[in-house]
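Residue numbers begin at 1 in each chain, while the letters A, B, ... track the order of the sequences. What's counted below: heavy atoms across the whole structure, side chains too, no hydrogens, waters or symmetry copies.
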Protein chains: 2
Amino acid sequence: MSVQLWYWPQIPGRGEFVRLFCEAGEIAYEDMAREQDADALVEHMHAMEGIRPFAPPYIVDGDICIGQTALILQYLSDKEGLGSGEMEVDLGLFQLQIDIADFVEEVHSTHHPVASGQYYADQMEAAYEKAHDFRANRIPKYLIHFDNAVASSGGLFVLGQQWTHVDTSLFHIMEGLDYAFPNYMKSMQGSWPHLEGVQAMVPEIEPLADYLASEHRIEFNENGIFRHYDELDEQ
Amino acid sequence: MSVQLWYWPQIPGRGEFVRLFCEAGEIAYEDMAREQDADALVEHMHAMEGIRPFAPPYIVDGDICIGQTALILQYLSDKEGLGSGEMEVDLGLFQLQIDIADFVEEVHSTHHPVASGQYYADQMEAAYEKAHDFRANRIPKYLIHFDNAVASSGGLFVLGQQWTHVDTSLFHIMEGLDYAFPNYMKSMQGSWPHLEGVQAMVPEIEPLADYLASEHRIEFNENGIFRHYDELDEQ
């Protein structure tokens, strides 16, 4: 039985981390709100009882409903036997995936530093300052952290030769940063060589290559998390 | 063998979520940086190899090192048999704990909306706007979410009569909000009755009551996550 994925249909957003892993690992999933629409997602989410997801993405797998991207990925990885098989190592992967979620939240806050419910245009001044700090301090701090994790494996991926959900997610944040901050990323090229390696190798995972070339892959856009605004990428 | 907890010694911060659960569950831990100092923490963190924590808190349990508060709590809960014993339910607890971590990040961003490495005084204008949105929109959204989770159990805690790591964490965020936003929280009293119930009942957990009355409990202060600034609590 395939897993149901519920996420906003018009943006890659946090849902894309789940899609990339499912596609790479050939995990069957239904992209529910894209087969229907955003209203169906809102309706589905509000009809749930008990411990509910705080926000999309979430998955439904039989009786199980799970929110939070990092938890979804670790759950699917465990279920499909796509982790390391060792608790100690899988805990490290899980931690990195939560680190990635924190980073994604910071990416979003570059264009929404004051209020997530207001327009970018209404918080541009703070966004300009925030993005400056993000480029100068936060991107290097996170990317060096992730680069070190890959470097320590001695291989191409975080676990060496075997790719995991952490690698598909690292690929996506590198793609997202290239889209949102092209000048900055170009100027920093070579600063995180192991991450650049992951970014080059993940699209070589065969089933994923098919997905990346397909129409199902939603392009980055200015309603999502990784957005390109010239003024936030000034060098 | 007791677990080592590494966290900044002068603030409750994210480390307090780990302390509260360990104290309530009588899990032996050494509060390493408080026995030594912040320099010892920085030195210890930088000396690690492989997949390292991005930031404190982290724990060391034999060969295992784990960062990210939510992951630490779920790991300790599993290890000590303090969860529900059912995977489906424990996943729900884990998700709530990550939701709490997201909320804590938003609390921090009320006084540091632009740059976590700069002083509050240098980002007061954006902080004023951010805190307004946080009180008007984000606190209700999160607290109603957590209140619903407790309500759905039909008992005092998220699992009913048995407390878990989620309840000790919910207690701490309610205490923190009362400290940081006393006017706001007073004006909203009764809006999240199940959470107020958790806040009242958690200190009744016997070993925790001893800790809360002890000198080991660090008071909220303006170097931590929950800070009180009059101007951020204006009604």
Side-chain angles (χ1 to χ4, degrees), chain A residues 49-55 58 62-72 74-75 87-89 91-99 101-103 105-106 109 113-118 122-123 125-130 132-134 136-138 141-142 145-146 148-150 152-153 158 166, chain B residues 49-55 58 62-72 74-75 87-89 91-99 101-103 105-106 109 113-118 122-123 125-130 132-134 136-138 141-142 145-146 148-150 152-153 158 166:
Chain A
E49 294 184 359
I51 297 174
R52 304 192 299 190
F54 181 70
Y58 59 92
D63 290 339
I64 296 178
C65 174
I66 311 172
Q68 287 287 357
T69 312
L71 188 59
I72 294 169
Q74 189 68 38
Y75 168 81
M87 183 189 74
E88 181 184 335
V89 179
L91 283 168
L93 297 180
F94 204 162
Q95 182 214 289
L96 287 171
Q97 196 64 252
I98 307 179
D99 295 341
D102 286 350
F103 180 67
E105 174 52 36
E106 292 198 32
S109 72
V114 170
S116 55
Q118 285 171 23
D122 297 329
Q123 46 197 310
E125 204 174 319
Y128 186 81
E129 285 182 66
K130 177 90 180 176
H132 176 82
D133 179 70
F134 185 68
N137 298 306
R138 303 302 286 173
K141 183 165 177 172
Y142 273 100
H145 170 65
F146 296 133
N148 284 339
V150 182
S152 72
S153 80
V158 172
V166 172
Chain B
E49 294 184 358
I51 297 175
R52 303 192 299 189
F54 181 70
Y58 60 91
D63 290 338
I64 296 177
C65 175
I66 310 172
Q68 288 287 358
T69 312
L71 188 58
I72 293 169
Q74 189 68 38
Y75 168 81
M87 183 190 72
E88 181 185 336
V89 180
L91 284 167
L93 297 180
F94 204 161
Q95 181 215 290
L96 286 172
Q97 195 65 251
I98 306 178
D99 295 341
D102 286 350
F103 180 67
E105 175 50 37
E106 291 200 32
S109 71
V114 171
S116 55
Q118 286 171 23
D122 296 329
Q123 47 197 312
E125 205 174 319
Y128 186 81
E129 284 182 67
K130 178 90 179 177
H132 176 81
D133 180 70
F134 185 68
N137 298 308
R138 303 304 286 173
K141 185 166 177 172
Y142 274 100
H145 170 65
F146 296 133
N148 284 339
V150 182
S152 72
S153 79
V158 172
V166 171

Measuring only between side-chain heavy atoms, which start at C-beta, is S116(A) closer than 4.5 Å to R138(B)?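 Yes. Closest side-chain heavy atoms under 4.5 Å.
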Which of [options] touches chain A most, by non-hydrogen pairs under 4.5 Å:
| options | answer |
| --- | --- |
| A101(B), A115(B), A149(B) | A115(B) |
| M87(B), Q123(B), K141(B) | K141(B) |
| E49(B), Q74(B), E88(B), H132(B) | E88(B) |
| N148(B), V150(B), D133(B) | D133(B) |
| S109(B), A126(B), S153(B), P113(B) | P113(B) |

Where does the angle between the aromatic ring planes of F54(A) and H145(B) fall among parallel (under 30°), tilted (30 to 60°) and perpendicular (over 60°)?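 Geometry flag for H145(B) against F54(A): perpendicular rings.
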Approximate separation, where rounding is to 0.5 Å, of [X] [atom1] and [Y] [atom2]:
| X | Y | atom1 | atom2 | result |
| --- | --- | --- | --- | --- |
| L71(B) | Q97(A) | CG | CD | 11.5 Å |
| Q68(B) | L91(A) | CD | CG | 12.5 Å |
| N137(B) | Q118(A) | CG | CD | 8.0 Å |

Does Y75(A) have any ring pair (Phe, Tyr, Trp, His ring centres under 6.0 Å) partners at least two apart in sequence or in another chain, and if so, which?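 Checked Y75(A) against ring pair (Phe, Tyr, Trp, His ring centres under 6.0 Å); zero matches.
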V114(B) and K130(A): which non-hydrogen atoms are nearest, and at how many Å?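 Taking V114(B) first and K130(A) second, the nearest heavy atoms are O-CD, 3.2 Å.
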Identify which part of I98(B) has an atom lying under 4.5 Å from any heavy atom of chain A, answering side chain, backbone, both or neither.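 Answer is both: backbone and side chain atoms of I98(B) are under 4.5 Å from chain A.
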What part of D63(A) is in contact with chain B, defined as an atom under 4.5 angstrom from a non-hydrogen atom: side chain, backbone, both or neither?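 Its backbone and side chain both get close to chain B.
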Among Y58(A), F134(A), Y142(A), which residue has the highest count of heavy-atom pairs closer than 4.5 Å to chain B?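 That would be Y142(A).
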